[in-house]
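Input: a single structure, listed below in structure tokens.
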4 protein chains.
Amino acid sequence: MSEHDSVIEELFQEEEGLTDKQKKIIIAAVESFSEKGYAATSTSEIAKKAGVAEGTIFRHYKTKKDLLMGIVSPMMAKLIAPFVIKDLYKVIDHKYERYEDFLRAMMENRIAFLKNNMPLLKILIQEIPFHPELKEQFKEHIACKVFERFVNLVEFYQKKGQIINIPSYSAVRMTFTSIFGFLITRYLILPEAEWNDEEEIELTIQFIMHGLSVKS
Amino acid sequence: MSEHDSVIEELFQEEEGLTDKQKKIIIAAVESFSEKGYAATSTSEIAKKAGVAEGTIFRHYKTKKDLLMGIVSPMMAKLIAPFVIKDLYKVIDHKYERYEDFLRAMMENRIAFLKNNMPLLKILIQEIPFHPELKEQFKEHIACKVFERFVNLVEFYQKKGQIINIPSYSAVRMTFTSIFGFLITRYLILPEAEWNDEEEIELTIQFIMHGLSVKS
Amino acid sequence: MSEHDSVIEELFQEEEGLTDKQKKIIIAAVESFSEKGYAATSTSEIAKKAGVAEGTIFRHYKTKKDLLMGIVSPMMAKLIAPFVIKDLYKVIDHKYERYEDFLRAMMENRIAFLKNNMPLLKILIQEIPFHPELKEQFKEHIACKVFERFVNLVEFYQKKGQIINIPSYSAVRMTFTSIFGFLITRYLILPEAEWNDEEEIELTIQFIMHGLSVKS
Amino acid sequence: MSEHDSVIEELFQEEEGLTDKQKKIIIAAVESFSEKGYAATSTSEIAKKAGVAEGTIFRHYKTKKDLLMGIVSPMMAKLIAPFVIKDLYKVIDHKYERYEDFLRAMMENRIAFLKNNMPLLKILIQEIPFHPELKEQFKEHIACKVFERFVNLVEFYQKKGQIINIPSYSAVRMTFTSIFGFLITRYLILPEAEWNDEEEIELTIQFIMHGLSVKS
DNA sequence: GATGAATGAGGTTTCATTCAT
DNA sequence: AATGAATGAAACCTCATTCAT
């Protein structure tokens, strides 16, 4: 993962057939969808912002919804990528002695990713409730694969006596909500406030760890 | 707060001028806005669902946005009501020896409220990002008044040595995200899963408390 | 059947809910569809010709195709009406000694009808090949009910020894094509030529009768 | 006239400059125009069906209408070809003692031709009413030249006492409508029914002859 | 000759809103 | 208060045609 861990840029590099105008369309769409929401954004607006004729959009995407999917699907894929690496396990076993270590590594990585893709994340969060296909994708990939892996991990650390004995999925939920709670507050609710990111991340990790760890 | 702590019902009781049709309009609008989002819901759809002529909506609400506000504003008011009771403080001082006690009482109360008003909450969450007026209302009331009070409270318990010495607003943020994280997961993301509500609430409180309390 | 045997006028009288604008839309649509064909006629054109906002069309007809159907279906119904009178048979038995008599009566009646509804007939003929629903309606009503009745009739006159012994459906086909051949030539192909209608009709009947009758 | 009396194939052989792609375009256009009508067929659809880029169509035909004309004009020419052979007369005089003989010969020939070119005929019939140029071509060639010749022929046989004394153009009209009535019923309205072609053709000729011939 | 991205005019349809009844 | 026909702007989308490659 480079520093510029941007889904859109990667999209542009990976898919070669993309014309210049097509790229502009995607950039404009992301911006508008993120600012006003999918339903409230008109294709003519996207076209104007992209400096492109309206018809051009529909040459590349059969429908407006296609455009949304073409933007959101890669996001979802990249978001969960690190969690579906097959040998995540082995790596983990040896590398991270403590849940805290794993958490910190994972968090830094995913937070960096999300920071670079805030508009996309915003679209994802906003639109999932209204598009059954997205909901399905989300459930299948995030709720199943990622969640399941986390559950296994938590159970692993529970056996090691590092995490308290509560239902593992509850522990995962609390981990997740704390992290996303931070991100959403930080970047979506109060982006204009002054934040000491490093400290907040550390505090969040500490909070999770205190909340979950066995008292010594 | 009664058991049927429904904003809509209270609205119907408090505002007397409401005709039968008007009530139907509100009910229909809440349902549609919640399911499809404000922008993707048409007034004709609402009219049909309410069994009312299209014009009738505009007799009561000048614009579609007015209708949204007429629905969302009371929600916001009721949501923050318990926090703006002027003498919240005194009450608290004497009643809740520990942050945990306060938290449990407050949580039970507000969770019951939100449970009874999920569609409204969903609308609120979904639409705030796209409507500056709502954002403003939200910031002014929630982010300022409620947040501020909580900050004071946390500082109070910090002085008593019950809560660890981290920035108070961070502590509040973690409290909030844990609670809302639970609610959103429970009612919006996975409402169809089986939940043991009481246990989960208790676990969530425990998690917050462990995360924030001074190790003994 | 009055002299002004117009499907459109009857439509206006029978269906009471029709507003003034709706009538104008129908009239404009019939004119345009008939002149340029369904596919080549735009709804904006119809609206303009009808002196109506484009949206008004879609208030009354969900789609452009609906408009076509709303025009063509009554036409089909009225066209076949006289053939589905239940006791057509009995009436016939006693009234028309000879096929020629029946033919003349029927032809005069239907030709008068079609004369008064040429634009509609033109639409019907032009659009049937391209719209499966219309094709279905046509087959079901015309090709089955009307054709079948004619076949029975022809067989009846064959038994009476008035019509030569060829397959009855062939005899019907020839009767039909002669009549429609006249109508189409007269009104659609060469409407601007001078025609002695009465003579041509009589000649056509004579032609059919000679062609089908048993030589004496 | 060969057995495979196909206008399209002849077109491909006669015009030498035709590239492979151009042929595919014509074939695709005929198919689509015939199935959906000219106005309802898009050039992109034709391109796709022909396996050709959209631009390629316009390299060969300046406009979509040009393409229609490039397809329909040769059809018209071939259709009337046998009637414009200058010495048709002489041939006839000596060859066909009776109108019936002429009719049978002509019909077999033209019916075979039309059978092999049904899609083209369908396009011709469907589009003539909507394109003034086509209407003009049709009138000039068919309605004038062919019709005129037939009129002369009929008058010739009238003088010979074989055909009854009705206006010659009426006799021609009846001949035509009977033949086309058969063809259209056979190939366009009920192509899926089972037909005994030879018998039907013979019956049609007999019908025309009975209808027109002087009773003996 | 062939391509296919790009265009922009125009197509059908939706929608919030108005207004006479 | 309620209706629902009417509106016209704007939505999404299609299409014939052009043009650089």
Side-chain angles (χ1 to χ4, degrees), chain A residues 17-22 24-25 39-47 50-67, chain B residues 17-22 25 39-48 50-67, chain C residues 17-22 24-25 39-47 50-67, chain D residues 17-22 25 39-48 50-67:
Chain A
L18 296 185
T19 67
D20 211 50
K21 306 243 167 189
Q22 201 164 351
K24 282 182 189 161
I25 290 167
T41 301
S42 76
T43 50
S44 82
E45 197 186 329
I46 295 170
V52 147
E54 206 171 346
T56 308
I57 293 175
F58 292 94
R59 186 145 277 285
H60 296 293
Y61 301 92
K62 262 175 74 70
T63 64
K64 188 187 168 194
K65 191 151 199 176
D66 256 31
L67 176 56
Chain B
L18 296 184
T19 68
D20 210 50
K21 305 243 167 191
Q22 201 164 351
I25 290 168
T41 300
S42 73
T43 49
S44 82
E45 197 187 327
I46 295 170
K48 206 175 290 164
V52 147
E54 290 200 53
T56 308
I57 292 175
F58 292 90
R59 184 144 290 281
H60 298 291
Y61 301 92
K62 255 175 75 74
T63 65
K64 187 186 167 192
K65 194 151 200 174
D66 259 28
L67 176 54
Chain C
L18 296 184
T19 68
D20 211 49
K21 305 244 169 189
Q22 200 165 351
K24 281 183 190 160
I25 289 168
T41 301
S42 76
T43 50
S44 82
E45 197 186 329
I46 295 170
V52 147
E54 208 169 345
T56 308
I57 294 175
F58 292 92
R59 186 144 277 285
H60 297 292
Y61 301 93
K62 263 175 73 72
T63 64
K64 188 186 167 194
K65 193 151 197 174
D66 255 31
L67 176 56
Chain D
L18 296 184
T19 68
D20 210 50
K21 305 243 166 189
Q22 200 164 351
I25 290 169
T41 300
S42 73
T43 49
S44 82
E45 197 187 327
I46 294 169
K48 206 175 291 164
V52 147
E54 290 199 55
T56 308
I57 293 174
F58 292 90
R59 184 144 292 281
H60 298 291
Y61 302 91
K62 257 175 74 75
T63 65
K64 186 186 168 193
K65 194 151 199 174
D66 259 28
L67 176 56

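Within every chain, numbering begins at 1; the chains are lettered A, B, ... in the order of the sequence lines, protein sequences first and strands thereafter.
Protein atom CD1 of C/Ile46 is 18 Å distant from nucleotide atom P of F/dG8, rounded to whole Å. One atom, OH of A/Tyr61, and another, P of F/dT14, lie 16 Å apart when rounded to the nearest Å. We find that CZ of D/Arg59 is positioned 16 Å from C1' of F/dA16, with the value rounded to whole Å. One can place CD of C/Glu54 at 15 Å from P of F/dA11, the figure rounded to the nearest angstrom. Atom pair D/Ile25:CD1 and F/dA16:P shows a separation of 14 Å (rounding to whole Å applied). Between the NZ atom of A/Lys62 and the C1' atom of F/dC12 there is a distance of 13 Å, given to the nearest Å. Atom CG in A/Leu67 sits roughly 11 Å away from atom P in F/dC12 (whole-Å rounding). F/dG4 atom C1' lies 13 Å from atom NZ of B/Lys48, rounded to whole Å.
Under the Watson-Crick and G-U wobble criteria, each requiring two contacts below 3.5 Å, nucleotide E/dT7 is paired to F/dA16. Nucleotide F/dA9 forms a Watson-Crick or G-U wobble pair with E/dT14, both donor-acceptor distances falling under 3.5 Å. Using N1 to N3 plus N6-O4 or O6-N4 for Watson-Crick, or N1-O2 and O6-N3 for G-U wobble, each under 3.5 Å, F/dT21 pairs with E/dA2.
Note that the first and last nucleotides of DNA chain E, 5' to 3', having any atom under 4.0 angstrom from a heavy atom of chain B are E/dC15 to E/dT18.
A donor-acceptor contact under 3.5 angstrom links the side chains of A/Glu54 and A/Thr43, judged on distance only.
Here the CG-CD1 distance, from B/Asp20 to B/Ile25, works out to 10.5 Å after rounding to the nearest 0.5 Å.
Between A/Glu45 and C/Lys21, it is C/Lys21 whose nearest contact on DNA chain F lies nearer the 5' terminus. Nearer to the 5' terminus of DNA chain E, by closest-nucleotide assignment, is the contact made by D/Val52 (compared with the other of C/Thr41 and D/Val52). For the pair C/Thr63 and A/Ala53, both in contact range of DNA chain E, the more 5′-proximal nearest nucleotide belongs to A/Ala53.
D/Gln22 pairs by the side chain to side chain contact (heavy atoms under 4.5 Å, CB included) definition with D/Leu18, D/Thr19, D/His60, D/Tyr61, not counting sequence neighbours. Shown here are the side chain to side chain donor-acceptor pair (under 3.5 Å) partners of B/Thr56, two or more places apart in sequence or in another chain: there are none.
Residue-level contact check: A/Gln22 touches neither bases nor backbone, having no heavy atom under 4.0 Å from any strand. Contacts of B/Thr43 with the nucleic acid, taken as non-hydrogen atoms under 4.0 Å apart, include base atoms. Among the protein residues, D/Thr56 comes within range of the nucleic acid bases, having at least one heavy atom under 4.0 Å from a base atom.
For the residue pair C/Ala39 and D/Ala39, the shortest heavy atom distance occurs at CB-CB, 3.7 Å.
A donor-acceptor pair under 3.5 Å is formed between the side chain of B/Lys64 and the backbone N or O of B/Thr41.
Within 6.0 Å of atom NZ in B/Lys48, 12 or fewer heavy atoms from other residues, nucleotides or ligands are found, so the atom counts as exposed in its surroundings.
Close to F/dA11, at under 4.0 Å from its OP1 or OP2, lies a side-chain N or O of A/Ser44.
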Discussion item. Run C/Leu67 and C/Ile46 through side chain to side chain contact (heavy atoms under 4.5 Å, CB included) and show every step you take.
Written reply: CA-CA 11 Å; C/Leu67 176 56; C/Ile46 295 170; 4.0 Å; yes

